[in-house]
Amino acid sequence: MKKVSISFTLNGDTVSAEVPPTWTLLKTLREAFELTGAKEGCGVGECGACTVIVDGQTVNACIYPVPEIDGRHVTTIEGLADKEGNLDPLQTAFLENNGVQCGFCTSGMIMSARSLLDDNSSPNEDEIRTAISGNICRCTGYVQIVESIDIAAKKA
Amino acid sequence: MIDYEYLKPASLDEVFDLMKKHGSKAELVAGGTDVMVFIKQGNHSPEVLISLRGLTDLCYIQKNSAYHIGALATHRMLEQSQLVKEELTALQQGSSQVGSIQVRNMGTLGGNICNAAPSADTAAPLLVLDAVAVLQSPEGQRRVPIEEFFIGPSETVKKNDEVLVEIEIPSEMGRFKTAYCKHARRQAMTLPIIGVSVGILLEKDVIADARIALTVAAPTPIRVRQAEDFLKGKPFEEGVLKEAGEIASSPECCMPRDSLRCEGWYREEMVRILIPRVAMAAVEE
């Protein structure tokens with residue numbers, strides 16, 4: 001299969017790769033860039049485990065055709081901590097408030113929450129729940145996830 | 001094995017050239033939230049994907065002598081548009097209930113319509129709003145009322161050499177009070193068991209004009225003219241609205257099928273119940 005060249009900004013760095021045109025953004029992140037924070041759950045855009053931020057908007061990387069990423073800005077869970085390794089307030093809040101159980105949904109959950117807080121720094125519970133409505137968690141009852149996001153918003 | 005060439009034309013002319021060159025081997029893709037899933041699940045296997053995402057000039061929501069929505073406007077744009085929320089309320093409500101935020105950031109109004117699912121969340125609002133699909137081919141444009149656009153599940157009147165470029169809504173529809181109800185098991189990431197949209201034009205307390213549209217009540221989204229006609233000239237009151245619900249849920253108007261998500265009798269029942277509720281919600285909004 002003839003490969004396509006892509007060049008984009010990944011967590012602040014300009015990167016490029018040659019990948020098959022049939023690859024999704026998720027497969028490219030995981031296999032070409034070895035960023036395995038975004039997960040493949042359902043693979044069809046329903047569970048949100050693959051959520052990353054493209055040009056300021058969350059997308060399901062598992063159904064995002066990678067040729068479209070050329071020239072865009074991508075942020076993954078690996079890009080949230082600063083250069084010194086200080087975690088994003090959301091990451092800290094999830095760790096401190098049991099927002100993580102098995103962890104499979106966590107990076108997608110945090111990316112959706114990050115996008116919410118970027119637009120709305122003091123969301124109410126309804127707004128938090130709507131923001132993560134495309135992220136399925138099968139361990140928790142979402143309560144500690146919602147609390148973690150609320151705490152992160154209040155601390156920031 | 002999944003194997004296709006991915007083409008990224010930058011203009012409609014280029015799109016038409018590529019469509020002509022690749023013919024039935026090619027498939028158009030906009031946001032990809034349906035097409036990419038069909039490919040991954042093995043239901044579609046195009047040799048060529050022609051992406052419309054480069055047509056950034058089809059990504060707009062405007063109002064002048066009519067409302068104009070570019071086919072590539074995303075559901076998220078419609079959801080967040082103050083203009084759509086205030087003047088085309090049912091469409092804002094439909095768009096804001098498609099999939100999840102991630103899906104709405106990618107998925108487009110044009111894609112939702114061309115995919116032609118009997119359950120499409122934007123279909124009933126567009127029927128209520130008298131929307132017109134603007135189809136373009138190398139030969140020119142033609143305008144198809146949305147009611148004639150759907151001809152079956154996943155089937156539309158769009159020809160192989162045409163691209164849906166715009167949805168147009170007549171400006172007078174902005175005077176209607178409209179609402180959409182997606183009746184579903186969950187509040188997100190689901191398809192409707194039944195979708196009901198109602199538009200009411202009130203003059204004093206009399207219903208001067210009405211629109212009622214249903215999804216998942218037939219193989220295509222439908223308008224329910226008998227119930228609309230019944231409402232015209234009647235006072236806007238609960239008993240009248242309930243009667244419209246009775247008419248719309250009768251076998252002459254809708255014949256919902258049994259499916260995995262729900263049995264037909266329940267859909268019928270919910271049409272009867274929801275029409276007065278949605279009409280009330282539209283006017284109270």
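Throughout, protein chains are lettered first and strands after them, A, B, ... in sequence-line order, and every chain is numbered starting at 1. Quick caveat: nothing in here was measured; it's all calculated off a predicted structure.
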Checking side-chain hydrogen bond (donor to acceptor under 3.5 Å, both in side chains) for the pair A:E68/B:S51: CA distance, chi angles, key distance, verdict? CA-CA 9 Å; A:E68 297 291 350; B:S51 169; 2.4 Å; yes
Does B:E155, at its CD atom, have more than 12 non-hydrogen atoms belonging to other residues, nucleotides or ligands within less than 6.0 Å? yes
Heavy-atom pairs under 4.5 Å with chain B are the metric here; pick the option from A:I63, A:T51, A:V54 that has the most. A:I63
Checking A:C47 against chain B: side chain, backbone, both or neither under 4.5 Å from a heavy atom? neither
Let me confirm one number: the CD1-OG1 distance from B:I39 to A:T24, rounded to the nearest 0.5 Å. 12.0 Å
Expected output: side-chain B:K40 to main-chain A:G43 donor-acceptor under 3.5 Å: yes
Counting heavy-atom pairs closer than 4.5 Å to chain B, which one of A:S115, A:P20, A:P67 comes out on top? A:P67
Interface residues of residues 5-23 of chain B facing chain A - heavy atom cut-off under 4.5 Å: B:Y6, B:K8
So which bits of residues 96-106 of chain B come within less than 4.5 Å of chain A, counting non-hydrogen atoms only? B:S100, B:I101, B:Q102, B:V103, B:N105, B:M106
Hey, is CG on B:N160 packed in by over 12 heavy atoms from elsewhere, all under 6.0 Å? no
Closest heavy-atom pair and its distance - A:E46, B:M189: O-CG, 3.5 Å
Are any of the side-chain heavy atoms of A:P65 and B:R53 separated by less than 4.5 Å? yes
Interface moiety of B:Q41 toward chain A, non-hydrogen atoms closer than 4.5 Å: side chain
Is it the backbone or the side chain of A:S112 that comes under 4.5 Å from a heavy atom of chain B, or both, or neither? side chain
